[in-house]
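Scope of the values below: all heavy atoms of this structure, side chains included, with no hydrogens, waters or symmetry mates.
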Amino acid sequence: MKQYFLKERDALEHSRKNAGSKARNDVENILSSIGFEPVDVVIPYKKVKTVFGAVQNTFSNYRFWKKQLSGLQQGDSVLLQFPPRSHSALFPNLIRNLRKRGVTVTFLIHDLETMRYKDTSELPLMKRLRIYLEETRLIRTADYIICHNEKMKAYLVGQGLPEQSLIPLGIFDYLTAFDPEASDVHRERDGERNRVIIAGNLSPEKCVYLNELGNVDGVRFNLYGVGYQDLGQDNVTYMGSFLPDELVGELRGDFGLVWDGTSIETCSGNFGNYLRLNDPHKLSLYLTAGIPVVVWSEAAVADFVKAEHVGVTVSSLKDLGDVLANLSDDEYSTMQQNALRISRWTRSGHYLTTAVTKGLQ
């Protein structure tokens, strides 16, 4: 009886200056540290130009994965990060065959497109079909599913998944050699606490609300990431783009912002509404850096922030200046100490280790 995790690698090299693979790499490292063995897979790249070619590729991928997973035996367990990097309409068949052979299968959810879109009927037919074949059918095949939080768990139960198979993670871990307790992460000596960090994809198409930051009074924003476009807003400073392992030690500010969508008034649109269910990786980034957070009051992670007392929640960014101005020094200090406590956990892999242990009990 052995414990495995699927270690997928793309055959093509992609840009390293984004956090797209940081969460997945951390999962692999944490699992390795607690005794899981990797099933190391390099995914072959095949450029598909025709429908016939896509069909051929689907069956080719199926044969490829069947071979890769052939070594798993009855009594073994395997964890797969969801969605798999190598999409295939036949992936559900692979998982069912594994379970028939007596292998216990656990999915760790990173992303679910069905939760991002409020009404999938508005999507093009081919995209709806792909989501159904590669996501909706697949998610139902696992023995256990590690989901982000209690609200995501409730959503999945509402979609027909058995409650006993769902294990909330809490938040994502964030492995780093950076130790905020040995660094200066405190506010500036002038007593201000209105410097708010925004880290991530800064492209106008992804973060439309960035266009309105100039209308947020009493707050200065420090932006980190790719895709930034200077709009000449006096309260915005672009701090640059860094690799994920470097970024955690480069953040300068009093709070990290977890916000998304099309408006500063509320988190709207597909990306904004997605916050009602998911755990943004940037939350873990900020807390790992020992920095308290500002989150949307209707976000799923608002429950975590309030329970752990690691930040503030707001319904609109227009309220943020007043909220921060009314915080006492003692209140901020408590939030910061709690953020440092969470940092010790995220840097040690505490959340995933706990979730995996629950699944194996």
Side-chain angles (χ1 to χ4, degrees), residues 1-11 24 27-28 30-32 34-46 48 51-115 126-147 152-153 156-157 159-167 169 352 355-361:
M1 297 174 60
K2 294 185 177 181
Q3 297 171 332
Y4 296 95
F5 66 91
L6 200 62
K7 185 173 182 177
E8 295 180 84
R9 292 289 178 266
D10 291 324
R24 288 179 180 259
V27 167
E28 293 173 359
I30 293 167
L31 293 175
S32 292
I34 59 176
F36 280 64
E37 298 180 23
V39 178
D40 206 347
V41 180
V42 178
I43 304 163
Y45 174 73
K46 296 180 180 180
V48 178
V51 174
F52 179 71
V55 172
Q56 279 188 315
N57 196 41
T58 295
F59 285 97
S60 175
N61 277 344
Y62 177 78
R63 291 190 296 270
F64 170 77
W65 279 109
K66 188 176 181 180
K67 181 179 179 181
Q68 300 302 313
L69 299 173
S70 61
L72 275 65
Q73 305 293 326
Q74 182 174 354
D76 292 341
S77 64
V78 61
L79 185 145
L80 292 81
Q81 303 197 58
F82 192 97
R85 287 179 173 175
S86 176
H87 296 285
S88 172
L90 296 178
F91 225 108
N93 300 64
L94 288 167
I95 303 305
R96 291 191 189 97
N97 288 337
L98 279 178
R99 294 182 64 188
K100 285 179 182 178
R101 285 160 39 198
V103 177
T104 300
V105 178
T106 300
F107 290 158
L108 169 61
I109 294 177
H110 287 283
D111 193 27
L112 277 177
E113 288 194 77
T114 50
M115 292 192 301
M126 291 306 295
K127 185 163 187 175
R128 275 185 283 151
L129 181 61
R130 182 187 63 77
I131 290 174
Y132 172 73
L133 292 174
E134 297 179 359
E135 179 177 291
T136 306
R137 288 178 64 236
L138 180 57
I139 196 70
R140 300 175 184 277
T141 60
D143 293 285
Y144 298 101
I145 298 171
I146 300 175
C147 56
M152 184 180 284
K153 176 180 177 178
L156 293 172
V157 170
Q159 298 299 304
L161 274 70
E163 183 175 3
Q164 64 272 19
S165 72
L166 298 165
I167 305 165
L169 178 64
L352 179 58
V356 167
T357 301
K358 287 181 181 178
L360 295 176
Q361 286 177 344

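When all heavy atoms of S77 and V103 are compared, the pair lying nearest together is CA-CG1, 4.4 Å. Taking each heavy atom of K2 and D76 in turn, the nearest pair found is N-OD1, 2.8 Å. In terms of heavy atoms, Q68 sits closest to V41 at OE1-CG2, 3.9 Å. Residues Q81 and E8 approach most closely at O-OE2, 4.4 Å, considering heavy atoms. In terms of heavy-atom proximity, N93 sits nearest to R137 at OD1-NH2, 4.0 Å. Minimum heavy-atom separation, T141 to R99: O-NH1, 2.7 Å.
Put simply, CG on L352 and CG on L31 are 5.0 Å apart, with the number rounded to the nearest 0.5 Å. Summarising the geometry, atom CG belonging to L79 is positioned 5.5 Å from atom OG1 belonging to T106; distances are rounded to the nearest 0.5 Å. If you take CD1 on I34 and CD on Q3, they are separated by 7.5 Å, rounding to the nearest 0.5 Å. Within the model, atoms CG of L90 and CZ of R96 stand 10.5 Å from one another, a figure rounded to the nearest 0.5 Å. Note that CD of E37 and CG of D40 are 12.5 Å apart. Values are rounded to the nearest 0.5 Å. We find the CD1-OG distance between I139 and S165 to be 9.0 Å, quoted to the nearest 0.5 Å.
A heavy-atom distance below 4.5 Å is found between the side chains of F82 and L138. In this structure the side chain of L112 never reaches within 4.5 angstrom of the side chain of C147, judged on heavy atoms. Residues L169 and I109 form no side-chain contact, since every pair of their non-hydrogen atoms from C-beta on lies 4.5 Å or further apart. Proximity of V78 to L72: side-chain heavy atoms (C-beta onward) are separated by under 4.5 Å at one or more points. Using a 4.5 Å heavy-atom cutoff, the side chains of L69 and L6 are in contact. In this structure, F5 and S32 have side chains that are in contact, with non-hydrogen atoms separated by less than 4.5 Å. By the 4.5 Å heavy-atom criterion applied to side chains, Y144 and L108 are not counted as neighbours. Considering only heavy atoms from C-beta on, K7 stays 4.5 Å or farther from V39 through its side chain.
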* Apply side-chain contact (heavy atoms from CB on, under 4.5 Å) to F36 and Y4, showing your working. => CA-CA 5 Å; F36 280 64; Y4 296 95; 5.7 Å; no

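Formation of a donor-acceptor pair under 3.5 Å by the Q73 side chain with backbone atoms of G71 is found in this model.
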